Amino acid sequence: MNFAAAKKNHEAVLTWKVSNQTANSIYFVLPISFNGTDFRKVGRGNVNLSSGLAGGYSFTDLNAAGSKTNVIYYRLKMVDKD
């Protein structure tokens, strides 16, 4: 439904809300890039199925302070069992 990042001190706080998680959903992967092209995994979070089909999540990227650029790109991937 949404995905946002906000700078807090020297960290990046990522928040997102999904509306289609099912029992088939396992976890989220958060890739990061400093150039918008080359991404690497910076975090991972488990799906919380107790919240039903919709769920809200957050992740704090402690590595954001090491950025030599003013812009950091993030992606969000939901991984299913299959």
Side-chain angles (χ1 to χ4, degrees):
M1 293 172 46
N2 62 45
F3 181 55
K7 183 178 177 183
K8 182 178 180 184
N9 298 322
H10 298 290
E11 304 167 349
V13 179
L14 311 174
T15 57
W16 65 96
K17 187 167 184 173
V18 297
S19 63
N20 60 343
Q21 64 187 15
T22 66
N24 197 41
S25 303
I26 302 174
Y27 59 88
F28 298 98
V29 175
L30 296 154
I32 186 175
S33 173
F34 297 106
N35 63 14
T37 304
D38 303 311
F39 284 83
R40 65 177 173 80
K41 183 175 93 171
V42 70
R44 175 183 158 155
N46 292 328
V47 171
N48 179 5
L49 293 175
S50 65
S51 61
L53 291 177
Y57 299 90
S58 68
F59 175 81
T60 301
D61 181 6
L62 303 175
N63 298 313
S67 171
K68 295 181 174 90
T69 64
N70 290 330
V71 178
I72 302 174
Y73 301 88
Y74 291 96
R75 289 182 179 167
L76 176 66
K77 286 173 56 175
M78 181 187 280
V79 179
D80 291 339
K81 292 177 185 175
D82 56 359

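Fair warning: this is a prediction, and the values are worked out from it, not measured in the lab. Along the sequence shown, residues are numbered consecutively beginning with 1.
In this pair, Trp16 and Tyr57 present their aromatic rings parallel. The plane angle is below 30°, not in the 30 to 60° band.
Side-chain contact between Ile26 and Asp80 is absent, with no heavy atoms from C-beta onward closer than 4.5 Å.
Of all non-hydrogen atoms in Arg44 and Tyr27, the two that sit nearest each other are NH2-CD2, 3.2 Å. Nearest heavy-atom pair across Tyr74 and Ala12 is OH-CB, 3.3 Å. Residue Lys8 comes nearest to Val13 through the heavy atom pair CB-CG2, 4.0 Å, listed as atom of the first residue, atom of the second, then distance.
Rounded to the nearest 0.5 Å, atoms CG (Asn2) and CG (Leu76) are 10.0 Å apart. One distance of note links CG of Leu30 with CG of Leu14; it measures 6.0 Å at 0.5 Å rounding.
Linking ILVMFWY residues whenever their side-chain heavy atoms come closer than 4.5 Å, directly or via other members, places Val71 and Phe39 in the same cluster.
Partners of Ser33 under the side chain to side chain donor-acceptor pair (under 3.5 Å) rule, at least two apart in sequence or in another chain, are Asn35.
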